[in-house]
Protein chains: 2
Amino acid sequence: MQRYTGQKRLLVAVDCIVFGFDGQSIKLLLVKRSIEPYKNKWSLMGGFMQPDETPDDAANRVLEYRTGLKNVYLEQLHVFGSPDRDPVERTLSIAYFALIDINKYEQQLVDEFHAEWIEIKDLPELIFDHGDMVRMAKKQLRYKAALHPILFHLLPERFTIPQLQALYEGIFQAEFDDRNFSRKVLSTGLLVKLPEKDKQSSKKGAFYYRLNQTEYLENFDSFLNFVPNPDKLLTENL
Amino acid sequence: MQRYTGQKRLLVAVDCIVFGFDGQSIKLLLVKRSIEPYKNKWSLMGGFMQPDETPDDAANRVLEYRTGLKNVYLEQLHVFGSPDRDPVERTLSIAYFALIDINKYEQQLVDEFHAEWIEIKDLPELIFDHGDMVRMAKKQLRYKAALHPILFHLLPERFTIPQLQALYEGIFQAEFDDRNFSRKVLSTGLLVKLPEKDKQSSKKGAFYYRLNQTEYLENFDSFLNFVPNPDKLLTENL
DNA sequence: ACAAAAGTGTTGTTTTTACACCCATGC
DNA sequence: GCATGGGTGTAAAAACAACACTTTTGT
């Protein structure tokens with residue numbers, strides 16, 4: 001077998017910034033590091049890339065191992081590679097951000113892995129450069145969410161418009177006009193109205209909706225402002 | 001010195017997708033690979049990451065070595081890590097895309113490094129997964145350019161509005177209304193009118209402009225559509 | 001009947017778009 | 001003086017924001 005000679009090889013890890021939403025606030029899933037140094041300090045969920053994996057494979061594996069969840073919304077964020085970011089040994093880390101429905105997360109795993117959902121407003125100090133990763137992930141989440149309908153991944157299959165609005169308000173730290181919000185959301189054609197209502201949070205009750213999967217996939221890229229003829233631009237040839 | 005035991009280390013490279021614009025068409029700077037296998041096949045400019053470098057350092061180094069240019073607009077795109085992407089040995093590649101003023105590129109380097117500016121419409125087959133990298137870079141360029149004023153990096157310091165329009169039309173493969181285009185661009189306040197005109201391409205002549213560096217930095221994130229209160233969203237706390 | 005939240009209708013404002021037309025200049 | 005692009009003016013259309021008001025239902 002051939003090899004490239006004279007080049008140094010290095011460790012590569014993946015770290016996942018896992019977002020959740022409990023109806024009130026945005027949270028991150030953190031774990032306590034199990035090995036020295038920094039044992040028991042807060043950390044993102046991570047793991048080393050294995051020889052036969054792609055980076056996406058590795059991130060999915062880590063996520064499934066730690067949360068029991070498959071088919072999670074997962075997006076490669078950025079490679080962090082400062083030579084001294086890990087004091088043990090030089091390690092490159094590919095950061096991913098994930099959006100999961102917090103209700104699907106098995107509470108038992110909190111104990112098993114010393115994991116914890118922690119409000120994003122009140123994060124503890126994190127090891128290595130994980131704080132930078134979180135900062136970038138927050139920024140990217142807003143960026144993406146402003147242009148694409150990704151926040152649905154943080155909600156259960158069935159949700160109400162007011163729930164969706166609370167989520168958007170949490171993410172963007174802004175209050176939206178209720179009436180305009182629901183109209184705008186509905187006008188996208190992404191939602192399917194269900195017959196039942198949620199009676200928990202109001203007397204009148206709010207109808208449940210679910211995502212129209214087909215529309216979701218088709219309209220994922222509908223956005224743009226600076227340039228006319230939006231839509232398909234990103235899929236067409238340059 | 002401590003080490004993580006039982007983990008495989010791997011090679012990490014950077015590859016740069018370098019965009020240029022000659023007034024007519026969008027081009028990529030490609031090189032002929034100098035080593036076996038695939039010697040003399042078309043390739044992106046790349047190199048291995050060195051022990052003391054960050055990925056950004058490595059990309060800048062590769063770019064300066066091959067083009068002689070510093071302070072180029074460079075953005076990390078994506079990590080490509082399919083286990084068999086390089087037949088010689090497993091190698092992770094961090095892809096970067098770069099925007100350079102094609103006029104600043106020294107023509108002599110074309111010879112020195114067997115580099116070539118090739119129209120993006122007419123690319124040859126590339127080694128490894130470089131074709132995928134280019135595809136993603138094209139998409140990302142459009143995406144970013146639709147929301148942020150980055151295309152100026154492809155132009156000389158002084159440029160005319162019609163030149164800028166030709167560039168946008170090239171990138172988005174669409175025709176824009178001249179009158180609306182110039183008004184829209186001017187309304188951003190990003191451009192400073194210079195006293196001279198370019199008389200090359202028309203009898204009346206078009207005024208030269210340059211970028212207002214301060215405004216550029218301040219307004220880089222001004223965009224957004226789906227969510228009210230645009231601007232500062234990305235820099236504020238979540 | 002009343003309070004409280006969901007959701008619809010209406011209206012004024014701003015942003016886009018389309019396009020007529022004027023401007024400056026080289027030939 | 002006329003052809004050629006550069007650039008301004010204007011009006012119609014579309015998108016957006018603000019907010020009055022109606023609807024539903026638990027107490």
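In what follows, every chain begins at residue 1, and chains take the letters A, B, ... in the order their sequences are listed. Since the model is a prediction, treat every value here as computed from it, not as a measurement.
Using a 3.5 Å distance cut-off with no hydrogens or angles, the side chains of Y216(A) and E218(A) do not pair a donor with an acceptor. Checked by atom type, the side-chain pair Q24(A)/E119(A) shows no donor-acceptor distance below 3.5 Å. A side-chain donor-acceptor contact under 3.5 Å links D56(B) and Y96(B).
Centroid-to-centroid, the aromatic rings of Y208(B) and F159(B) stay 6.0 Å apart or farther.
The distance between atom CZ of F176(B) and atom C1' of dA18(C), rounded to the nearest whole Å, is 16 Å. Whole-Å rounding puts the Q200(A) CD to dA4(C) C1' distance at 16 Å. Remark: P of dT24(D) and CD of E196(A) are 18 Å apart, rounded to the nearest angstrom. Between L164(B) atom CG and dG6(D) atom P the separation is 13 Å, expressed in whole Å. Taking atom NZ on K184(B) and atom C1' on dT17(C), their separation rounds to 9 Å, with Å as the unit. We find that CG of L191(A) is positioned 11 Å from P of dG7(C), with the value rounded to whole Å. Remark: C1' of dA6(C) and CD of Q163(A) are 13 Å apart, rounded to the nearest angstrom. In this structure, F181(B) atom CZ and dT17(C) atom C1' are separated by 15 Å, rounded to whole Å.
Put simply, K197(A) has no side-chain N or O that comes within less than 4.0 Å of OP1 or OP2 on dT24(D).
Between dG6(D), dT25(C), dG7(C), one nucleotide has an atom nearer to the side chain of K199(B) than all others, and that is dT25(C).
Between the base of dA17(D) and the side chain of R179(A) there is no donor-acceptor pair shorter than 3.5 Å. No hydrogens or angles were tested; on distance alone, nothing pairs the side chain of R183(A) with the base of dA15(D) as donor and acceptor under 3.5 Å. Applying the 3.5 Å distance criterion, the base of dA18(D) shares a donor-acceptor pair with the side chain of N180(A).
Across all strands shown, T160(A) has no heavy atoms under 4.0 Å from either base or sugar-phosphate atoms.
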Could you go step by step and tell me if K41(B) and E125(B) meet the salt bridge (Lys or Arg N to Asp or Glu O under 4.0 Å) rule?
CA-CA 8 Å; K41(B) 297 293 177 196; E125(B) 200 176 328; over 6 Å; no
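Toward the 5' end of DNA chain C, the nearer of the two residues L186(A) and K203(A), judged by each one's closest nucleotide, is K203(A). Taking the nucleotide of DNA chain D with the nearest heavy atom to each of D177(A) and K204(A), the more 5' of the two is matched to D177(A).
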